[in-house]
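Here's the structure we're looking at; comments come further down.
It should be emphasised that the depicted structure is a prediction, and the values quoted were computed from it without experimental measurement. Here is the naming used below: chain letters follow the sequence lines, and residue numbers restart at 1 for every chain.
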Amino acid sequence: MTSAVFPGRYTSLESISEFVIQAAQHAGLDDAAVYAVQLAVDEAATNIIEHGYGGEDLGEIGCQCEIVAEGLRIRLEDHAPPFDPQAVAQPVLNVPLEDVRPRGLGLFFIHKMMDEVQFDFSPEGNTLTMLKRR
Amino acid sequence: MTSAVFPGRYTSLESISEFVIQAAQHAGLDDAAVYAVQLAVDEAATNIIEHGYGGEDLGEIGCQCEIVAEGLRIRLEDHAPPFDPQAVAQPVLNVPLEDVRPRGLGLFFIHKMMDEVQFDFSPEGNTLTMLKRR
Amino acid sequence: MEITTTEYKNCDVIHPIGRVDSAGAPQLEAAINAVTQLGRHKIVLDMSEVTFVSSAGWWVLIGAQKNCKKHRGEVVLACIETGIRASLKLVGMDDYFRIYDEMTAAVGNI
Amino acid sequence: MEITTTEYKNCDVIHPIGRVDSAGAPQLEAAINAVTQLGRHKIVLDMSEVTFVSSAGWWVLIGAQKNCKKHRGEVVLACIETGIRASLKLVGMDDYFRIYDEMTAAVGNI
Ligand SMILES: Nc1ncnc2c1ncn2[C@@H]1O[C@H](COP(=O)(O)OP(=O)(O)O)[C@@H](O)[C@H]1O
Ligand SMILES: Nc1ncnc2c1ncn2[C@@H]1O[C@H](COP(=O)(O)OP(=O)(O)O)[C@@H](O)[C@H]1O
């Protein structure tokens, strides 16, 4: 298991990506799966900064990568206020260009890219656990 | 010295080029000089076919390449009727596009590309001797 | 992110290098705006050296496409890496862009 | 000589492979005529795989340039090998063509 803590700002996204890409490669994921992991983690970390902390440099993001029998398990941790993922509306897709509204693709990507996605909220912090199968 | 005889047709131009390129490279000419030799010989051989024999497959073209102290000497031989190179008008260059007339670039290229150019005509045949310095 | 813009007679080519994530998307947006503010709305995005695009990047491109189409122009994408392209297709947004495998085709068809 | 023609929205790209000598020039002429006969007169000549051009080849290109300009079009040359380009310059004929080092620039500027 590898873990690291990153400052909650957008320039951390590249370092976070590098960190998870390396773990994903070590876990033996193929190129498409590595890209999927990178995308899910980038979207999740962006949400923590943008929606969780409500801006840059207001908190940290912990990241743990664990190679498991099925593939790669990734855990993102933050100390922002909790939110209700169930309450988030699905993005409106497959509509004419003029009707596209720029919102709501992040969670959609996370769910599409990963095989298991679980949000946990507790007084000690929030955890997003994601599994990508090999 | 290498020599070869080619049928007087346009598809021979590629073989003639390959033959003189090889000699030019053996003679130690640089890339620009090799291209110059190729261009001069191509124009001269085209003229032999087009203007000398007056068409394809009406005679042969002999080619001799000799590596000399100064560089490469090339001799092209044919048995077409003689002509008077002095009587050929210079091409009209550096005029507006509309005024360009598609004639007379061949001999111009031959003289520009080679350091020495000499036409000899005799009952035994015509010889064009050209020297490209190293 | 490093971004080069080249103005041709028929279109502008924007060539970003690196990741178009939440950090890079605003830079890409600025580069696109710099072109459209000149009244030029035919833009080829040379994606050959883009390694990653997050939703933040796609929203910039969607916004640019809307704006350019309004001005009788277009954003076309060229040379997109497979993973990036797959994620675009997944959300059905590849329908919003003409996508070319070669820059020549992109620039020739815009 | 092998010649490929690709039709784009803005122009046609003609891509000959090999030598444009007295044997190849008529083929190139035919390929150009096939395009102009469709009423298309913006032609980019991709010279990247042309190894040689004799006066026979230049006359074809000069003729094509005259014809295309008459029809508000143009022949532009791209990716010309140094020796070929030097011989064109030598006879002052490089002034008759816009010449680009890259296909993207040629197609973008025609
Ligand atoms: N980490 C988070 N903390 C708080 N709210 C979040 C978080 N992640 C997502 N959300 C909520 O879910 C919504 C949808 O998020 P997402 O799908 O990433 O799209 P977007 O960020 O474009 O709105 C957000 O607008 C926000 O309200
Ligand atoms: N080998 C030759 N035999 C007879 N006439 C020739 C020969 N080479 C050149 N000429 C004459 O010189 C003229 C100019 O030749 P050149 O400069 O090659 O241009 P072009 O072939 O386009 O006329 C020819 O039109 C022809 O009259």
Is [X] in contact with chain B via its backbone, its side chain, both, or neither, using a 4.5 Å heavy-atom distance?
X     : result
D:Q65 : both
D:K69 : side chain
D:S54 : both

Region of [X] in contact with chain D, defined by heavy-atom distances below 4.5 Å:
X     : value
B:P91 : neither
B:V34 : neither
B:E98 : backbone
B:N94 : both

Seminar exercise, completed: side-chain contact (heavy atoms from CB on, under 4.5 Å) test vs B:I49 passes for just one of B:L58, B:D57, B:I61, namely B:I61

Exercise. Picking from D:I84, D:T51, D:V60, D:D95, which has the most non-hydrogen pairs under 4.5 angstrom with chain B?
Worked result: D:I84

Carboxylate-amine/guanidinium contact [X] [Y], below 4.0 Å:
X      : Y      : result
B:E66  : B:K132 : no
D:K42  : D:E74  : no
D:D101 : D:R85  : yes
B:D30  : B:R134 : no

For this session: Show the numbers, then the answer: is there a side chain to side chain contact (heavy atoms under 4.5 Å, CB included) between B:R101 and B:V92?
Result: CA-CA 8 Å; B:R101 291 291 158 268; B:V92 183; over 6 Å; no

Exercise. Can you tell me if NE2 on B:H26 sees more than 12 non-hydrogen neighbours from other groups inside 6.0 Å?
Worked result: no

For this session: Count the heavy-atom pairs under 4.5 Å between each of B:R9, B:K112, B:M113, B:Q38 and chain D, then report the option with the highest count.
Result: B:Q38

